Amino acid sequence: MESSASTLLMPPSVELKDERKQGTMVFDSSKMQKQEKLPTEFIWPDADLIQAQQELNEPLIDLDGFFKGDETATAHAAELIRMACLKHGFFQVINHGVNLDLIRAAQEDMEAFFKLPLSRKLTVKKKAGELSGYSGAHMDRYTSKLPWKETLSFVYRYDSGSKPMVADYFKTVLGEDFEEIGWMYQKYCDALKELSLGIMQLLAISLGVDISYYRNLFEDGYSIMRCNSYPPCKEAGLVMGTGPHCDPVALTILHQDQVKGLEVFVDNKWQSVKPRPGAFVINIGDTFMALSNGEYKSCIHRAVVNMDKERRSLTFFISLKDDRVVSPPEELILREGQRKYPDFKWSELLEFTQKHYRPNNDTLQSFVEWRLLA
């Protein structure tokens, strides 16, 4: 069944949680499923629950030639990226330079944390205004249409030098039992940093601007690394793992396990993104849409829940340094004849999505309007 964008992609009617109100409910999926009915806070509107009927035909891009300096292979990869980003902003990459054993370890070692007792996980609960920590169904932020998932997030700064901030976070916050896992995620983030900067170069080539423009912008940026666990749910048709939204960041690098769940709204219908062993899913976020002067699309997507199987994914959200100005290259403005969005700092958009607005398909435009009134 298809749905019109006007029906499906309405801005969320939920409110951000008032920090002064202390909720008593916690996310314990096994206990909730034993209840006669799921808590209403997890039930999503029918318009958001329409099922995907086909797979997305996004390009699978081989980066081997690009990393080896092959000009023909680089031009081909850039052209595939361009075609994808003009339409929906999603593509997958292989031969990306990230060790496959490292990816496998990053997927498998999530279990050590998510299988901890809930009381233990809550000791590292994300605090208001912070980016790192545990979250169960984002109950710390929202009051309705809660996502059926648990997350562990931590910050990775590109300019941290030799300081192993991810390894330090795991040891300091989770204890010495997690020290080895922390070093593994440190190496994983180091590898994804290099991949992300390479993708920035390919995006520049695809847009016909200076190859170093975006790479230079992000070399002192940071990423939020997030481990996601989507427990099975007997009422999977009523809940969402992650509701329809666009990522406010610049770029997202995702690794899925082999349980389907990621879906993209393209051509007026939901389409699933096929999990491919060893491949990363890349998608454009709102910040890069502004950096491309609106030429590339930040597409709405979601994560659905499986009735029988847990789904896990690793998400690497790439952002500018807080005080960096989000401004497209002059070549793009001259080409378009006008500027689509005013300059802004990433810290302003982050504050907007953390404190004032639940990200959806219209986040960037809503942010621009909010900023004019602020």
Side-chain angles (χ1 to χ4, degrees), residues 63 89-93 96-99 102-103 105-107 109-110 113 126 129-135 151-170 173 181-204 214-228 242 245-256 262 279-291 298 301 312-324 326 345-351 353-354 359 363:
L63 298 183
F90 275 78
F91 55 95
Q92 296 203 45
V93 296
H96 38 61
V98 183
N99 184 280
L102 183 59
I103 297 172
Q107 277 283 354
D109 286 357
M110 276 191 275
F113 176 78
K126 187 186 297 184
E130 295 188 358
L131 300 175
S132 298
Y134 167 77
S135 176
T151 66
L152 176 66
S153 305
F154 43 94
V155 174
Y156 172 83
R157 298 197 181 278
Y158 283 23
D159 61 351
S160 59
S162 59
K163 183 180 179 182
M165 63 181 305
V166 173
D168 287 349
Y169 175 80
F170 272 76
V173 176
I181 292 176
W183 277 107
M184 181 275 300
Y185 280 118
Q186 178 73 48
K187 294 175 183 177
Y188 183 82
C189 290
D190 288 342
L192 262 63
K193 168 190 171 180
E194 295 306 315
L195 173 59
S196 70
L197 294 176
I199 295 292
M200 289 297 174
Q201 290 178 294
L202 281 169
L203 286 167
Y214 297 121
R215 184 183 178 103
N216 290 343
L217 270 180
F218 286 89
E219 281 186 328
D220 61 354
Y222 68 94
S223 290
I224 301 168
M225 175 70 203
R226 181 168 296 161
C227 302
N228 304 292
T242 302
H245 69 288
C246 294
D247 294 338
V249 297
L251 200 70
T252 300
I253 301 179
L254 171 78
H255 186 267
Q256 310 184 79
L262 176 62
F280 285 110
V281 180
I282 315 289
N283 71 273
I284 298 297
D286 289 338
T287 299
F288 198 89
M289 184 162 65
L291 284 169
S298 174
H301 54 285
R312 291 179 183 166
S313 65
L314 299 160
T315 316
F316 195 71
F317 297 109
I318 299 150
S319 304
L320 290 165
K321 190 176 180 180
D322 285 349
D323 59 358
R324 280 278 196 176
V326 178
K345 293 180 180 178
W346 159 244
S347 58
E348 296 174 305
L349 179 56
L350 178 62
E351 178 189 0
T353 58
Q354 292 289 310
T363 303

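Just so we're clear, the structure is a prediction, and the values are computed from it rather than from any experiment. Side chains are part of it too, since the values below use all heavy atoms of this structure and drop only hydrogens, waters and symmetry mates.
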[X] vs [Y] side-chain heavy atoms within contact, under 4.5 Å:
X	Y	answer
Pro164	Trp183	yes
Leu192	Tyr156	no
Asn228	Arg312	no
Tyr214	Gln201	no
Leu262	Phe90	yes
Ser196	Tyr158	yes
Met225	Leu314	yes

Heavy-atom closest contact ([X] atom, [Y] atom, distance):
X	Y	value
Ser132	Val155	OG-N, 3.4 Å
Phe288	Ala250	CB-O, 3.2 Å
Glu194	Arg215	OE1-NH2, 4.2 Å
Leu131	Ser153	O-CB, 3.4 Å
Ser298	Gly285	OG-C, 3.4 Å
Lys321	Trp346	O-CB, 4.3 Å

In this structure, is the centre-to-centre distance between the rings of Phe316 and His255 below 6.0 Å? no
Test log, rule side-chain contact (heavy atoms from CB on, under 4.5 Å), inputs Ile282 and Leu251: CA-CA 7 Å; Ile282 315 289; Leu251 200 70; 3.9 Å; yes
Look at atom NZ of Lys126 and say whether more than 12 heavy atoms of other residues, nucleotides or ligands are closer to it than 6.0 Å. yes
Is it the case that Ser347 and Asp323 place a side-chain donor and acceptor less than 3.5 Å from each other? no
Do the side-chain N and O atoms of Tyr222 and Asp159 include a donor-acceptor pair separated by under 3.5 angstrom? no
Enter the distance from [X]:[atom1] to [Y]:[atom2] here, rounded to the nearest 0.5 Å.
X	Y	atom1	atom2	result
Tyr134	Phe154	OH	CZ	15.5 Å
Arg324	Leu217	CZ	CG	5.5 Å
Asp322	Glu348	CG	CD	10.5 Å
Ile253	Ile318	CD1	CD1	4.0 Å
Leu320	Glu219	CG	CD	12.0 Å
Gln107	Tyr188	CD	OH	7.0 Å

Could you check whether Asp220 pairs with Arg157 (Lys NZ or Arg NE/NH1/NH2 to Asp/Glu carboxylate O, under 4.0 Å)?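 No salt bridge links Asp220 with Arg157.
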Have a look at Asp247 and tell me which of Thr363, Thr315, Thr353, Asn283 forms a side-chain contact (heavy atoms from CB on, under 4.5 Å) with it. Asn283
Go through it in stages, so that I can follow the logic: the residues are Val249 and Asp286, the test is side-chain contact (heavy atoms from CB on, under 4.5 Å), and I'd like the CA-CA distance, side-chain angles, deciding distance and then a yes or no. CA-CA 6 Å; Val249 297; Asp286 289 338; over 6 Å; no
Run the side chain to side chain donor-acceptor pair (under 3.5 Å) check on Asp109 and Tyr185 step by step: do they pass? CA-CA 9 Å; Asp109 286 357; Tyr185 280 118; over 6 Å; no
Let me see the working for Leu195 and Leu63 under side-chain contact (heavy atoms from CB on, under 4.5 Å), right down to the final yes or no. CA-CA 10 Å; Leu195 173 59; Leu63 298 183; 3.8 Å; yes
Could you please spell out the steps behind the side-chain contact (heavy atoms from CB on, under 4.5 Å) verdict for Lys163 and Asp168? CA-CA 9 Å; Lys163 183 180 179 182; Asp168 287 349; 4.1 Å; yes
Non-neighbouring partners of Ser135 that pass side chain to side chain contact (heavy atoms under 4.5 Å, CB included), sequence neighbours left out: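 Listed in chain order: His138, Asp140, Thr151.
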Say whether, by atom type as modelled, one donor and one acceptor occur between the side chain of Gln92 and the main chain of Val281 under 3.5 angstrom. no
